[in-house]
Number of protein chains: 2
Amino acid sequence: MTSSSQAPADIPQDSPFQDAASEAASATPAATPAFSPLYRQIKNLLLARLHSGEWKPGESIPSEIDLAAQFRVSQGTVRKAIDELAAENLLMRRQGKGTFVTTHTERQVQYRFLKLLPDHDSPNDEGRAQRQILEFRRMRATPQQAQALQLPPDAPLIHIRRVLSFQGVPTILEDIWLPAHVLKGINEDIVTGYQGPTYALLEEEFGVHMVRAEEKLKAVLPDAEAMRILDIPAHTALLHVQRLAFTYHDTPMELRSGLYRTDTHHYHNELG
Amino acid sequence: MTSSSQAPADIPQDSPFQDAASEAASATPAATPAFSPLYRQIKNLLLARLHSGEWKPGESIPSEIDLAAQFRVSQGTVRKAIDELAAENLLMRRQGKGTFVTTHTERQVQYRFLKLLPDHDSPNDEGRAQRQILEFRRMRATPQQAQALQLPPDAPLIHIRRVLSFQGVPTILEDIWLPAHVLKGINEDIVTGYQGPTYALLEEEFGVHMVRAEEKLKAVLPDAEAMRILDIPAHTALLHVQRLAFTYHDTPMELRSGLYRTDTHHYHNELG
DNA sequence: GAGTGGTCTAGACCACGCG
DNA sequence: GCGTGGTCTAGACCACTCA
């Protein structure tokens, strides 16, 4: 192997590594020098294959040695690429078993994005929330919604309104908006009948995998409907949580607006 | 030290990389000793030196090659230890320059733990918050406080009450409790006179470095005093943020209780 | 040009899960 | 016992910073 380039020498010329490596190595005219190490290019290839659905949530991907052979790089380089994807919660490593595509279906990580916890551990845990769908309808995006979801104006949306109850107490009133075009065949029965987290449903039925989210929190007072649905008096302050959730490649895929009761629960956050 | 042994000279005898002979010689405890890789032991040694104050915030630590020589391990092993510390925001790497101890003093990361952002980017940013100390006093920990801070009952605390204003508008009313025994020589003038984040003060004056924190959020209504200080009507819901901040080794060092106005600001959070 | 972190390799071996 | 991820080494070279 030549010492002039770290790129694998015996890769055919149409290999993406050839291009990427020589691009980085050759004196780029101007604009973006933006050196991209080999492991990051591998990472992007893995990302593309994840996004393409070649490996589905819950499945295992090829072993590090296999991938290293496929890409003609060393195991260490593949390893570093996987490390980053694991750090972003896209992959999960299990020693002795393999590397798996993250899923919202597994018990372990089912409620990754739900930060509301009971103030005191309830002895009778009941597992988790009970869901009740209040509304399911098709609508057109408002300008704000279209902008947030990066959709054209008036794009068709699915709107779901629901209540989550813990131990029989209605605690979260939530509106969810999703782009209709990615949820082919969705209907109220599917949503109502599904047991388990919304993101698990999206994953299983529509191949939409939520990867990360941003939330904006405010303290608010309930309107008449929220008072009624959550069964609370007017002077109960609520936590308003607006969420924008993303799938691969930072594509926004869900808008969510929730009202959380915080008299018996709290929103938990870790600061690093 | 010969090169035949994997065990570095400075590492305690419990290194799992000791050869079979010494492993057999040392009495292995009954309970599973929970295998700890070499790089994690290195990490703990670095952590100890950080905690000891040998390397102060803002300073650089020895180069990877130096450390590798000191610990008699390869650069890659030191590197992995530093990687983890950098991921935990204890160290910061700067290519070409060195590895530095994280500090709350630097502009870049000054407000790491403040998640309250203006709803709209204000054209006149003003930099950051104005602080006003309302109260500084010594007190004894309540049972709850003592428990949270892992202190003996009635342990002496410093209590600071203050208001943070953004662009002249009082926005955060905050109570801070700190163990008095680690803040030798603290007085009201030091606190009042200091410009900059509280954690920068603690770092510079008392060598206390906050590393991470946990927050519990609730929506509440203001009491009379909060209404007066924040200049808001009774029907303004506020975000109540209770924080427990930790220094090295997960030692709790600060208890904080804040009321945030969220009519013009919001609490921003990223979910991974 | 010297020094630092960052990348990559090839090979060896260890810990773990499972049939 | 085999295959998987996980650790560790030694050495080479690249990218960046600064004197």
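This one's a predicted model, so the numbers in the text were calculated from it and none came from an experiment. Labels below follow one simple rule: chain letters A, B, ... track the order of the sequence lines, proteins then strands, and each chain is numbered from 1.
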### Toward the 5' end of DNA chain D, by each residue's nearest nucleotide, B:Q75 or A:G98
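Per heavy-atom nearest nucleotide, the more 5' residue is A:G98.
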### Pairwise side-chain contact, A:I61 with A:D66, heavy-atom cut-off 4.5 Å (strictly under)
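Side-chain contact under 4.5 Å: no.
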Within the pair [X] and [N], is there a side-chain N or O less than 4.0 Å away from OP1 or OP2?
{"X": "B:K97", "N": "C:dG5", "value": "no"}
{"X": "A:R93", "N": "D:dG6", "value": "yes"}
{"X": "B:K80", "N": "D:dT7", "value": "yes"}
{"X": "B:R94", "N": "D:dT17", "value": "no"}

Closest to side chain of [X], choosing from [options]:
{"X": "A:S74", "options": "C:dC8, D:dG6, D:dC8", "value": "C:dC8"}
{"X": "A:F35", "options": "D:dA15, C:dT9, C:dA12", "value": "D:dA15"}
{"X": "A:T77", "options": "C:dC8, C:dG6, D:dT7", "value": "C:dC8"}
{"X": "A:R79", "options": "D:dA15, C:dC8, D:dG6", "value": "D:dG6"}

Just how far, in rounded Å, is [atom2] of [N] from [atom1] of [X]?
{"X": "A:E64", "N": "D:dT7", "atom1": "CD", "atom2": "P", "answer": "11 Å"}
{"X": "B:Y39", "N": "D:dG5", "atom1": "OH", "atom2": "C1'", "answer": "12 Å"}
{"X": "B:Q95", "N": "C:dG5", "atom1": "CD", "atom2": "P", "answer": "10 Å"}
{"X": "B:L38", "N": "D:dT9", "atom1": "CG", "atom2": "C1'", "answer": "11 Å"}
{"X": "A:L67", "N": "C:dT9", "atom1": "CG", "atom2": "P", "answer": "14 Å"}

### Query
Relative to each other, are the rings of B:Y267 and A:Y267 parallel, tilted or perpendicular (30° and 60° limits)?
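Answer is perpendicular, since the angle exceeds 60°.
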### Mutual orientation of the aromatic rings belonging to A:H51 and A:H249 [parallel < 30°, tilted 30-60°, perpendicular > 60°]
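Ring orientation of A:H51 relative to A:H249: perpendicular.
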### Message
Please tell me whether B:F113 and B:H104 form a close aromatic pair, meaning their ring centres lie under 6.0 Å apart.
### Response
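Between B:H104 and B:F113, which both carry aromatic rings, the centre distance is below 6.0 Å.
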### Message
What contact category does A:T99 fall into here, base, sugar-phosphate, or nothing, at under 4.0 angstrom with non-hydrogen atoms?
### Response
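Touches sugar-phosphate only.
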### Query
Can B:Q150 and B:T251 be counted as having a side-chain donor-acceptor contact under 3.5 angstrom?
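Per modelled atom types, B:Q150 and B:T251 side chains form no pair under 3.5 Å.
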### Task
Could you pick out which residue, A:P37 or B:S63, lies toward the 5' side of DNA chain C when each is mapped onto its nearest nucleotide?
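That would be B:S63.
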